[in-house]
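What follows is a single structure, written as structure tokens, with notes after it.
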2 protein chains.
Amino acid sequence: MVTMTEVARAAGVSVSTVSHVVNGTRLVATATRERVQHAMDMLGYQHQPTARSLSAGTNRTIGLAITVATNPYWVELIQGIDREATRAGLNLIIVDTRDDARHESVAVANLLAHRIEGLITAPADGWRELTLPMLRDHALPYVLVDRITPDLRVDQVGVENEAATIAIIDHLISLGHTRIGMLSGIPGLSTSTERVHGYHAAHQRAGLPVDPELILVGSSTTDGGRKATWELLQFDDRPTALFAANNSMAIGALAALSAAGVKVPADMALTAFDDFPWADLFSPGLTTVAQPSAAIGARAVQLLLRRMNDPDAPPQTVRLPAEIMHRQSCGCVSR
Amino acid sequence: MVTMTEVARAAGVSVSTVSHVVNGTRLVATATRERVQHAMDMLGYQHQPTARSLSAGTNRTIGLAITVATNPYWVELIQGIDREATRAGLNLIIVDTRDDARHESVAVANLLAHRIEGLITAPADGWRELTLPMLRDHALPYVLVDRITPDLRVDQVGVENEAATIAIIDHLISLGHTRIGMLSGIPGLSTSTERVHGYHAAHQRAGLPVDPELILVGSSTTDGGRKATWELLQFDDRPTALFAANNSMAIGALAALSAAGVKVPADMALTAFDDFPWADLFSPGLTTVAQPSAAIGARAVQLLLRRMNDPDAPPQTVRLPAEIMHRQSCGCVSR
DNA sequence: CTGCTTTGCGCAAAGACTTGCGCAAAGCAC
DNA sequence: GTGCTTTGCGCAAGTCTTTGCGCAAAGCAG
């Protein structure tokens, strides 16, 4: 492996000078700089940030701890983070948390061992007990994405769950629906509770009573969505519209409805949180709430950068607006 | 940050002893070892593999360079690699290649900077020119997954594309189909060509002629699949069955067929490569070729381990068998 | 008790890089 | 020409860990 020492010898300068041209940390005469550059090219010098991090304690690398899941929302989030990190000159390395607090903590320990200087994470349930203490021990700057913890003073980015839910429920109400079923996500996650809040708020605003029986837990899975939908279909006083709090449950709902021979949107209107690329390939096309995943990711990187530069900055919670993608399943017959 | 020096002082031993108890590299008297352990616990010592890699040149970390995509196949592959790496005591860090050779090379350079000791990658087109030379320069052990390059003597793992395709086409033929349309993937990738080979081989074996017009490029995307299907529907002598070479194209096909009012499987049988969780939620359920993604990932890790231990071992190409998931879309009315 | 082996541990160099300090040369005003 | 400021660069210490070498103590056979 070719080291700075060799480059220095080849260029006839000291290693400190080589270091300074590599990092641009102090002025180096143009002629000297070019000699060094040339020597590096000749020898094929490869910088070793890992050694730098030893002495300088910095390597421009941030970590992302997230669950690697098939959900397009996560994938776009990761892509958004990756792109923004690249733009900011940061290296990004990713580890899988498996959405499990125990595994999350070992994954983060792994990142820590690689001397990351900041962390972005979509915390699993149990994160506060297992992972957070490690981050504090290391005084590592971090920001939370997707899942917001309101009672914690930390930097975090998510979508406007409540407002978006209100908007879509509102839409259903304006179409004349008064009994709207809801399939809610994994209990305990902030995203789940916020969406339920939105459901209530929309009803209240419209002066409509909420029938608590219409809110079923679908646990964010396809199977959970299917079962919950099936239950709703058993009611004497069936809902006429359905809102699934994420895309997997929506797919489950779709399956249950078609199995039961319920026509969408004629017999039942259907809407969902989370857009996905083939949402309009179903017939009818699914009306969804599209999260700005990439923007959320980018914003997370920016927050992290800010925190890395100023550890004492006041913590910030950012909410990005979502967009309703009108298709056919809601029955409003647009396009 | 607490270093070995501090632990050593606290335990009243030298740093070398601390290092040896941490790594188990030489015999340390039980009493001493316990003192050191205790000191580490008290001080909350965190090992710094990055510093080790400086002097010892090893840190037990491997990298994964892969495209972070919504395709469930990739996701399961990543999960398989992650689990097997954990089992083997290896740390895994992931970077996104965006399935683009240029970006892939910077991502790999990033990994290299973190002193990984091995790499698993699903190479993008152009990999041989941009990334491979870097790997060779660094003498880095690596293994390829998913995409097999037959003319390169390297370690690689993939699925039996040809055999699996033969099996599924055979199934269609046995159901009486003689004109079978094929939607093929991104041209140039080994997976694509192998599946086309399988298509031909199955026909040959059955003594059936191949009509080249029936093989259309769908480029592995939903949209490509839809367009190609639409074209096939225009033929006077329409195919009676369809085989999509990946899941995205299958979804596109499904969309095109339903838009055209073609009933599956009555008017057109449909099968596809790549299973996905909600394949049986469509009606009819999609008959697919399921790849053992997790097993492929695990195997890749094993191959890498072997190569890391023995750089001169003969390169190995591993093919894992796929499984046909019979559902309704093929028209064979199983279950 | 002597001399040899084994067991247990410390010393110090090495590994690749950064950076505070300080020196020398050049530039400049007077 | 003199004295002061810039500009440009080298020296060497420091970062955390590993490991070859070698020393001391303990164990043991004779």
Side-chain angles (χ1 to χ4, degrees), chain A residues 1-40 43-61 91 109 112-117 137-139, chain B residues 1-40 43-61 91 109 112-117 137-139:
Chain A
M1 182 206 310
V2 22
T3 72
M4 276 196 175
T5 318
E6 300 174 40
V7 174
R9 186 166 29 238
V13 298
S14 74
V15 288
S16 19
T17 300
V18 176
S19 169
H20 284 118
V21 345
V22 168
N23 300 293
T25 28
R26 85 177 169 196
L27 215 123
V28 174
T30 321
T32 322
R33 183 161 8 97
E34 279 168 358
R35 273 216 318 289
V36 173
Q37 299 273 19
H38 185 244
M40 295 198 300
L43 276 57
Y45 172 73
Q46 294 274 348
H47 191 47
Q48 281 200 197
T50 183
R52 147 194 296 162
S53 70
L54 223 202
S55 85
T58 173
N59 61 6
R60 305 297 293 164
T61 297
N91 293 319
L112 249 16
H114 279 273
R115 314 265 87 192
I116 52 164
E117 290 166 8
D137 275 6
H138 286 253
Chain B
M1 180 207 312
V2 23
T3 71
M4 277 196 175
T5 318
E6 299 173 41
V7 174
R9 186 166 30 240
V13 297
S14 74
V15 288
S16 19
T17 300
V18 177
S19 169
H20 285 116
V21 347
V22 168
N23 301 292
T25 28
R26 85 177 170 197
L27 214 123
V28 173
T30 320
T32 322
R33 182 160 10 98
E34 280 168 357
R35 273 216 318 289
V36 173
Q37 298 275 18
H38 185 245
M40 294 199 300
L43 276 58
Y45 171 73
Q46 294 272 349
H47 191 48
Q48 282 200 195
T50 182
R52 148 191 296 161
S53 72
L54 221 204
S55 87
T58 173
N59 61 6
R60 305 296 294 166
T61 297
N91 293 320
L112 250 16
H114 279 273
R115 315 265 86 192
I116 51 164
E117 290 165 9
D137 275 5
H138 287 254

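This is a predicted model, so every value here is computed, not measured. Residue numbering restarts at 1 for every chain, and letters A, B, ... go by the order of the sequence lines.
Comparing Arg26(A) and Val15(A) against DNA chain C, the residue whose closest nucleotide sits nearer the 5' end is Val15(A).
When rounded to the nearest whole Å, the span between CD of Glu34(B) and P of dC9(C) equals 12 Å. When the P atom of dC16(D) is taken as reference, atom NE2 of His20(B) falls 19 Å away, rounded to whole Å. Rounded to whole angstrom, the span from the CE atom of Met4(B) across to the P atom of dT15(D) amounts to 16 Å. Rounded to an integer number of Å, the gap from Arg9(B) CZ to dC11(C) P is 13 Å. Remark: C1' of dC16(D) and CG of Leu112(A) are 16 Å apart, rounded to the nearest angstrom.
Nearest to the side chain of Ser16(A), among dG10(C), dC11(D), dC9(D), sits dC11(D). Which of dC9(D), dG10(C), dG10(D) sits closest to the side chain of Val28(A) comes down to dC9(D).
When the side-chain nitrogen and oxygen atoms of Thr17(A) are compared with OP1 and OP2 of dG10(D), one or more of them lie within a distance under 4.0 Å. Between Thr3(A) and dA16(C), a side-chain N or O to OP1/OP2 separation shorter than 4.0 Å is absent. Residue Tyr45(B) places at least one side-chain N or O closer than 4.0 Å to OP1 or OP2 of dT17(D).
Judged by distance alone with a 3.5 Å cut-off, no donor-acceptor contact links the side chain of Thr5(A) to the base of dC17(C).
Distance alone, capped at 3.5 Å, places no donor-acceptor pair between the His38(A) side chain and the Glu34(A) backbone.
The residue Val18(A) sits apart from the nucleic acid: no heavy atom pair falls under 4.0 Å. Residue contacts shown for Ser19(B) include a base, since a base heavy atom lies under 4.0 Å away.
To the nearest 0.5 angstrom, Asn91(A) atom CG is 12.5 Å from Ile116(A) atom CD1. To the nearest 0.5 angstrom, Arg33(B) atom CZ is 7.5 Å from Gln37(B) atom CD.
In terms of heavy atoms, Tyr45(A) sits closest to Val22(A) at CE2-CG2, 4.3 Å. The minimum heavy-atom distance between Thr17(B) and Val28(B), with the atom names listed, is CG2-CG1, 4.2 Å.
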